[in-house]
Amino acid sequence: ARVFTPGGARVAVEGFGVREVGLAVGLCVLFGMQGAAGYAVAAMAPPTTPVITLRGLVFQGALQVTVLVVVMAVLARRGPLGVTLGLGGVPWWRAALLGLGFLVLLYPVILLAAQLTLDGEQSPEDLQPIVRFFQGGSWRERAAVAVTAVVVAPVVEEVVFRGLIYGAAKRFGGAAGAAIFSSAFFAFIHGNVPALGPLFGLALCLVLAYEFTGSLLVPIALHVWFNAFNLLAIVLDAPK
(Lines give C-alpha, C1' and ligand atoms only; values in the text may rest on other atoms or scores of the structure.)
Protein backbone atom coordinates (compact mmCIF):
# COMPACT_ATOMS: atom_id res chain seq x y z
CA ALA A 1 0.00 0.00 0.00
CA ARG A 2 1.05 3.60 -0.45
CA VAL A 3 2.36 5.50 2.54
CA PHE A 4 2.03 9.25 2.03
CA THR A 5 4.86 10.45 4.22
CA PRO A 6 8.11 12.08 3.07
CA GLY A 7 10.61 9.37 2.27
CA GLY A 8 8.12 6.63 3.02
CA ALA A 9 5.99 6.71 -0.11
CA ARG A 10 6.44 4.35 -2.99
CA VAL A 11 4.82 3.67 -6.31
CA ALA A 12 2.68 0.56 -5.87
CA VAL A 13 2.61 -1.54 -9.04
CA GLU A 14 1.48 -4.94 -7.78
CA GLY A 15 -1.84 -4.57 -9.57
CA PHE A 16 -0.33 -4.07 -13.03
CA GLY A 17 -1.28 -6.98 -15.27
CA VAL A 18 -1.64 -7.99 -18.89
CA ARG A 19 -4.10 -5.18 -19.70
CA GLU A 20 -1.82 -2.42 -18.42
CA VAL A 21 1.33 -3.92 -19.94
CA GLY A 22 -0.43 -4.38 -23.30
CA LEU A 23 -1.52 -0.74 -23.32
CA ALA A 24 1.97 0.39 -22.30
CA VAL A 25 3.55 -1.59 -25.15
CA GLY A 26 1.01 -0.22 -27.63
CA LEU A 27 1.70 3.37 -26.57
CA CYS A 28 5.45 2.74 -26.73
CA VAL A 29 5.01 1.68 -30.35
CA LEU A 30 2.79 4.71 -31.11
CA PHE A 31 5.06 7.27 -29.47
CA GLY A 32 8.17 5.49 -30.76
CA MET A 33 6.94 5.88 -34.34
CA GLN A 34 6.18 9.53 -33.63
CA GLY A 35 9.68 10.10 -32.27
CA ALA A 36 11.31 8.30 -35.21
CA ALA A 37 9.29 10.46 -37.61
CA GLY A 38 10.59 13.56 -35.81
CA TYR A 39 14.21 12.50 -36.33
CA ALA A 40 13.50 11.68 -40.00
CA VAL A 41 11.93 15.09 -40.62
CA ALA A 42 14.82 16.85 -38.87
CA ALA A 43 17.32 14.97 -41.04
CA MET A 44 15.56 15.72 -44.33
CA ALA A 45 14.22 19.24 -43.85
CA PRO A 46 16.41 22.35 -43.60
CA PRO A 47 16.59 23.68 -40.01
CA THR A 48 14.62 26.81 -40.96
CA THR A 49 11.73 24.84 -42.46
CA PRO A 50 8.65 25.10 -40.20
CA VAL A 51 7.50 21.60 -39.26
CA ILE A 52 4.77 22.66 -36.80
CA THR A 53 1.57 24.54 -37.59
CA LEU A 54 -1.12 25.87 -35.29
CA ARG A 55 -3.62 23.37 -36.70
CA GLY A 56 -1.14 20.54 -36.23
CA LEU A 57 -0.49 21.62 -32.65
CA VAL A 58 -4.22 21.62 -31.86
CA PHE A 59 -4.61 18.19 -33.44
CA GLN A 60 -1.66 16.87 -31.44
CA GLY A 61 -3.20 18.23 -28.25
CA ALA A 62 -6.52 16.55 -29.03
CA LEU A 63 -4.71 13.26 -29.68
CA GLN A 64 -2.87 13.53 -26.38
CA VAL A 65 -6.10 14.17 -24.48
CA THR A 66 -7.64 11.11 -26.16
CA VAL A 67 -4.67 8.99 -25.09
CA LEU A 68 -5.03 10.37 -21.56
CA VAL A 69 -8.70 9.36 -21.39
CA VAL A 70 -7.92 5.83 -22.61
CA VAL A 71 -5.03 5.35 -20.16
CA MET A 72 -7.00 6.63 -17.18
CA ALA A 73 -9.97 4.46 -18.13
CA VAL A 74 -7.74 1.37 -18.17
CA LEU A 75 -5.99 2.29 -14.91
CA ALA A 76 -9.33 3.05 -13.27
CA ARG A 77 -10.30 -0.60 -13.73
CA ARG A 78 -7.59 -1.49 -11.21
CA GLY A 79 -9.22 0.69 -8.59
CA PRO A 80 -9.74 4.37 -7.68
CA LEU A 81 -7.24 6.61 -9.48
CA GLY A 82 -6.62 8.41 -6.20
CA VAL A 83 -4.97 5.21 -5.00
CA THR A 84 -3.67 3.85 -8.30
CA LEU A 85 -1.77 7.04 -9.15
CA GLY A 86 -1.61 8.53 -5.68
CA LEU A 87 -3.74 11.47 -6.80
CA GLY A 88 -5.49 11.73 -3.47
CA GLY A 89 -2.51 11.55 -1.15
CA VAL A 90 -1.17 15.10 -1.49
CA PRO A 91 -3.23 18.33 -1.66
CA TRP A 92 -2.74 20.23 -4.93
CA TRP A 93 -1.09 23.22 -3.24
CA ARG A 94 1.40 20.99 -1.46
CA ALA A 95 2.08 19.13 -4.70
CA ALA A 96 2.82 22.47 -6.38
CA LEU A 97 5.29 23.42 -3.65
CA LEU A 98 6.88 19.96 -3.63
CA GLY A 99 7.19 20.05 -7.43
CA LEU A 100 8.99 23.40 -7.26
CA GLY A 101 11.22 22.14 -4.47
CA PHE A 102 12.14 18.99 -6.39
CA LEU A 103 12.92 21.07 -9.49
CA VAL A 104 15.30 23.32 -7.53
CA LEU A 105 16.88 20.35 -5.74
CA LEU A 106 17.28 18.13 -8.80
CA TYR A 107 18.00 20.74 -11.47
CA PRO A 108 21.75 19.98 -11.26
CA VAL A 109 20.92 16.49 -12.56
CA ILE A 110 19.35 18.04 -15.68
CA LEU A 111 22.31 20.39 -16.14
CA LEU A 112 24.76 17.51 -15.75
CA ALA A 113 22.89 15.44 -18.33
CA ALA A 114 22.95 18.41 -20.69
CA GLN A 115 26.69 18.96 -20.21
CA LEU A 116 27.44 15.30 -20.86
CA THR A 117 25.53 15.23 -24.16
CA LEU A 118 25.74 18.75 -25.61
CA ASP A 119 28.88 19.84 -27.44
CA GLY A 120 29.25 23.53 -26.71
CA GLU A 121 26.49 26.13 -26.97
CA GLN A 122 23.28 25.23 -28.80
CA SER A 123 22.61 26.91 -32.12
CA PRO A 124 19.05 27.92 -33.08
CA GLU A 125 18.96 24.90 -35.40
CA ASP A 126 19.49 22.58 -32.42
CA LEU A 127 16.35 23.71 -30.64
CA GLN A 128 13.23 21.57 -30.60
CA PRO A 129 10.83 22.51 -33.42
CA ILE A 130 8.15 23.56 -30.94
CA VAL A 131 10.62 25.96 -29.29
CA ARG A 132 11.47 27.53 -32.65
CA PHE A 133 7.73 27.70 -33.40
CA PHE A 134 7.13 29.51 -30.09
CA GLN A 135 10.00 31.94 -30.68
CA GLY A 136 8.73 33.08 -34.06
CA GLY A 137 5.00 32.62 -33.58
CA SER A 138 2.13 35.05 -33.35
CA TRP A 139 0.38 35.63 -30.03
CA ARG A 140 -2.18 32.94 -30.94
CA GLU A 141 0.55 30.45 -31.74
CA ARG A 142 2.43 31.31 -28.57
CA ALA A 143 -0.75 30.93 -26.52
CA ALA A 144 -1.37 27.51 -28.07
CA VAL A 145 2.18 26.41 -27.27
CA ALA A 146 1.86 27.73 -23.71
CA VAL A 147 -1.39 25.81 -23.09
CA THR A 148 0.09 22.66 -24.62
CA ALA A 149 3.39 22.87 -22.75
CA VAL A 150 2.14 24.05 -19.35
CA VAL A 151 -1.24 22.30 -19.10
CA VAL A 152 -1.74 19.45 -21.56
CA ALA A 153 1.75 17.93 -21.89
CA PRO A 154 2.59 17.69 -18.16
CA VAL A 155 -0.67 15.92 -17.32
CA VAL A 156 -0.70 13.59 -20.33
CA GLU A 157 3.00 12.72 -20.24
CA GLU A 158 3.09 12.08 -16.51
CA VAL A 159 0.04 9.81 -16.59
CA VAL A 160 1.39 7.94 -19.64
CA PHE A 161 5.13 7.79 -18.91
CA ARG A 162 5.31 7.76 -15.13
CA GLY A 163 1.85 6.44 -14.29
CA LEU A 164 1.57 3.70 -16.93
CA ILE A 165 4.86 2.96 -18.71
CA TYR A 166 7.09 3.35 -15.65
CA GLY A 167 4.58 1.47 -13.51
CA ALA A 168 4.33 -1.45 -15.95
CA ALA A 169 8.10 -1.60 -16.42
CA LYS A 170 8.69 -1.48 -12.66
CA ARG A 171 6.18 -4.27 -12.06
CA PHE A 172 8.15 -6.70 -14.21
CA GLY A 173 11.65 -5.17 -14.42
CA GLY A 174 12.36 -3.46 -11.12
CA ALA A 175 12.56 0.21 -10.19
CA ALA A 176 16.08 0.98 -11.51
CA GLY A 177 15.55 -0.62 -14.90
CA ALA A 178 12.11 0.96 -15.22
CA ALA A 179 13.48 4.41 -14.37
CA ILE A 180 16.24 4.16 -16.99
CA PHE A 181 14.00 2.68 -19.69
CA SER A 182 11.07 5.07 -19.22
CA SER A 183 13.39 8.08 -18.99
CA ALA A 184 15.36 7.12 -22.10
CA PHE A 185 12.17 6.47 -24.03
CA PHE A 186 10.67 9.77 -22.83
CA ALA A 187 13.74 11.59 -24.18
CA PHE A 188 13.68 9.65 -27.47
CA ILE A 189 10.06 10.38 -28.39
CA HIS A 190 10.66 14.15 -28.45
CA GLY A 191 12.56 13.68 -31.72
CA ASN A 192 15.44 16.06 -31.02
CA VAL A 193 19.02 14.79 -30.68
CA PRO A 194 20.47 17.78 -28.73
CA ALA A 195 17.61 17.51 -26.20
CA LEU A 196 18.15 13.81 -25.44
CA GLY A 197 20.44 14.41 -22.45
CA PRO A 198 18.45 17.17 -20.72
CA LEU A 199 15.15 15.34 -21.27
CA PHE A 200 16.61 12.11 -19.91
CA GLY A 201 17.78 13.99 -16.81
CA LEU A 202 14.37 15.64 -16.44
CA ALA A 203 12.60 12.29 -16.72
CA LEU A 204 14.82 10.77 -14.02
CA CYS A 205 13.93 13.69 -11.74
CA LEU A 206 10.24 13.11 -12.44
CA VAL A 207 10.58 9.44 -11.50
CA LEU A 208 12.39 10.36 -8.28
CA ALA A 209 9.66 12.85 -7.37
CA TYR A 210 7.01 10.21 -8.03
CA GLU A 211 8.76 7.54 -5.98
CA PHE A 212 9.62 9.85 -3.08
CA THR A 213 6.09 11.19 -2.65
CA GLY A 214 3.95 8.36 -4.07
CA SER A 215 1.73 10.96 -5.77
CA LEU A 216 1.68 11.62 -9.51
CA LEU A 217 0.56 15.18 -8.72
CA VAL A 218 4.12 16.05 -7.69
CA PRO A 219 5.88 15.12 -10.96
CA ILE A 220 3.01 16.79 -12.82
CA ALA A 221 3.69 19.99 -10.84
CA LEU A 222 7.46 19.65 -11.41
CA HIS A 223 6.83 19.24 -15.13
CA VAL A 224 4.55 22.30 -15.18
CA TRP A 225 7.17 24.43 -13.42
CA PHE A 226 9.95 23.22 -15.74
CA ASN A 227 8.04 23.98 -18.94
CA ALA A 228 6.70 27.29 -17.62
CA PHE A 229 10.16 28.52 -16.62
CA ASN A 230 11.58 27.50 -20.00
CA LEU A 231 8.87 29.40 -21.88
CA LEU A 232 9.38 32.41 -19.62
CA ALA A 233 13.13 32.31 -20.31
CA ILE A 234 12.43 32.30 -24.06
CA VAL A 235 10.13 35.32 -23.74
CA LEU A 236 12.63 37.25 -21.60
CA ASP A 237 15.51 36.35 -23.93
CA ALA A 238 13.66 37.49 -27.05
CA PRO A 239 15.12 40.54 -28.88
CA LYS A 240 13.43 43.76 -27.81
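Numbering of residues begins at 1 and proceeds along the displayed sequence. None of these values were measured; they are calculated from a predicted model.
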(message) Taking the six-membered ring of Phe133 as reference, does the cationic atom of Arg142 (NZ for Lys, CZ for Arg) lie under 6.0 Å from its centre and within 45° of its axis?
(response) no
(message) Taking the side chain as everything from C-beta on, heavy atoms only, tell me whether Val70 gets closer than 4.5 Å to Leu27.
(response) no
(request) Take Phe134 and Val235, measure what side chain to side chain contact (heavy atoms under 4.5 Å, CB included) needs, and give me the verdict at the end. (result) CA-CA 9 Å; Phe134 181 79; Val235 172; 3.8 Å; yes
(request) Answer yes or no: is there a side-chain heavy-atom contact under 4.5 Å between Glu157 and Phe186? (result) yes
(request) Run the numbers on Leu57 and Ile130 for side chain to side chain contact (heavy atoms under 4.5 Å, CB included), then give the verdict. (result) CA-CA 9 Å; Leu57 191 63; Ile130 195 169; 3.9 Å; yes
(message) Working to the nearest 0.5 angstrom, can you tell me the gap between Ile52 CD1 and Thr148 OG1?
(response) 9.5 Å
(message) Side chains of Phe102 and Thr213, heavy atoms from C-beta outward: is any pair under 4.5 Å?
(response) yes
(request) Measure the spacing between CD of Gln34 and CD1 of Ile189 and express it to the nearest 0.5 Å. (result) 6.0 Å
(request) Would you please name every residue forming a ring pair (Phe, Tyr, Trp, His ring centres under 6.0 Å) with Phe226, sequence neighbours left out? (result) none
(message) For the CG atom of Leu68 and the CG atom of Leu164, what is their distance to the nearest 0.5 Å?
(response) 11.0 Å
(request) Decide whether Leu30 and Met72 are clustered together by the hydrophobic rule: side chain heavy atoms of Ile, Leu, Val, Met, Phe, Trp, Tyr closer than 4.5 Å, transitively. (result) yes
(message) Assigning hydrophobic clusters by single linkage (Ile, Leu, Val, Met, Phe, Trp, Tyr; side-chain heavy-atom cutoff under 4.5 Å), is Leu98 placed with Leu204?
(response) no
(request) Return the minimal non-hydrogen interatomic distance between Val65 and Val156, and the atom names on each side. (result) N-CG2, 4.4 Å
(message) Under 4.5 Å between side-chain heavy atoms, counting indirect links through other Ile/Leu/Val/Met/Phe/Trp/Tyr residues: same cluster for Val109 and Phe200 or not?
(response) no
(message) Do Ile180 and Tyr166 land in one hydrophobic cluster if side-chain heavy atoms of ILVMFWY residues count as linked below 4.5 Å?
(response) no
(request) Check whether any side-chain heavy atom of Tyr210 sits under 4.5 Å from a side-chain heavy atom of Cys205, and report yes or no. (result) no
(request) Verify the ring-centre separation between Phe188 and Tyr39: is it less than 6.0 angstrom? (result) yes
(request) Could you tell me which non-hydrogen atom of Leu54 sits nearest to which non-hydrogen atom of Ala144, and how far apart they are? (result) CD1-CB, 3.4 Å
(request) Please round to the nearest 0.5 Å and tell me the distance separating atom CG of Leu106 and atom CG of Leu208. (result) 6.0 Å
(request) For the pair Ser215 (side chain) and Gly86 (backbone), establish whether a donor and an acceptor sit closer than 3.5 Å, ignoring hydrogens and angles. (result) yes
(message) Among Val71, Val18, Ile165, exactly one meets side chain to side chain contact (heavy atoms under 4.5 Å, CB included) together with Leu23. Which residue is that?
(response) Val71
(message) Apply side chain to side chain contact (heavy atoms under 4.5 Å, CB included) to residues Leu112 and Leu116 and explain how you reach the verdict.
(response) CA-CA 6 Å; Leu112 177 61; Leu116 292 175; 4.1 Å; yes
(message) Please report the interatomic distance NE2(His190) to CD(Gln128), rounded to the nearest 0.5 Å.
(response) 6.0 Å
(request) For the residue pair Phe161 and Phe31, categorise the inter-ring angle as parallel (less than 30°), tilted (30 to 60°) or perpendicular (more than 60°). (result) tilted
(request) From the options Leu202, Leu100, Asn227, select the one residue that forms a side chain to side chain contact (heavy atoms under 4.5 Å, CB included) with Leu222. (result) Leu202
(message) Return the CZ to CG distance between Phe185 and Leu199, rounded to the nearest 0.5 Å.
(response) 13.0 Å
(request) Check Ala203 against Arg162 and note the closest heavy-atom contact, atom names and distance. (result) CB-NH1, 3.7 Å
(message) Could you check whether any side-chain N or O of Glu20 sits under 3.5 Å from a backbone N or O of Gly17, counting only pairs where one atom can act as donor and the other as acceptor?
(response) yes
(request) May I ask you to list the residues sharing a hydrophobic cluster with Leu63, side-chain cutoff 4.5 Å, ordered by chain and number? (result) none
(request) Could you tell me whether Lys170 and Glu211 make a salt bridge, using a distance below 4.0 angstrom between a side-chain N and a carboxylate O? (result) yes
(message) So Leu85 and Leu75, do their side chains get closer than 4.5 Å, heavy atoms only?
(response) yes
(message) According to ring pair (Phe, Tyr, Trp, His ring centres under 6.0 Å), who are the partners of Phe59, at least two apart in sequence or on a separate chain?
(response) none
(message) On a heavy-atom basis, which atom in Ala221 and which in Gly99 lie closest, and how many Å separate them?
(response) CB-CA, 4.2 Å
(message) Parallel, tilted or perpendicular, judged at 30° and 60°: which one describes the rings of Trp225 and Phe229?
(response) parallel
(message) To check you understand the geometry: which heavy-atom pair defines the closest contact between Ser183 and Val207, and what is its length?
(response) OG-CG2, 4.2 Å
(message) Testing the basics here: between Val21 and Phe172, what is the closest heavy-atom pair and its distance to 0.1 Å?
(response) CG2-CE1, 3.3 Å
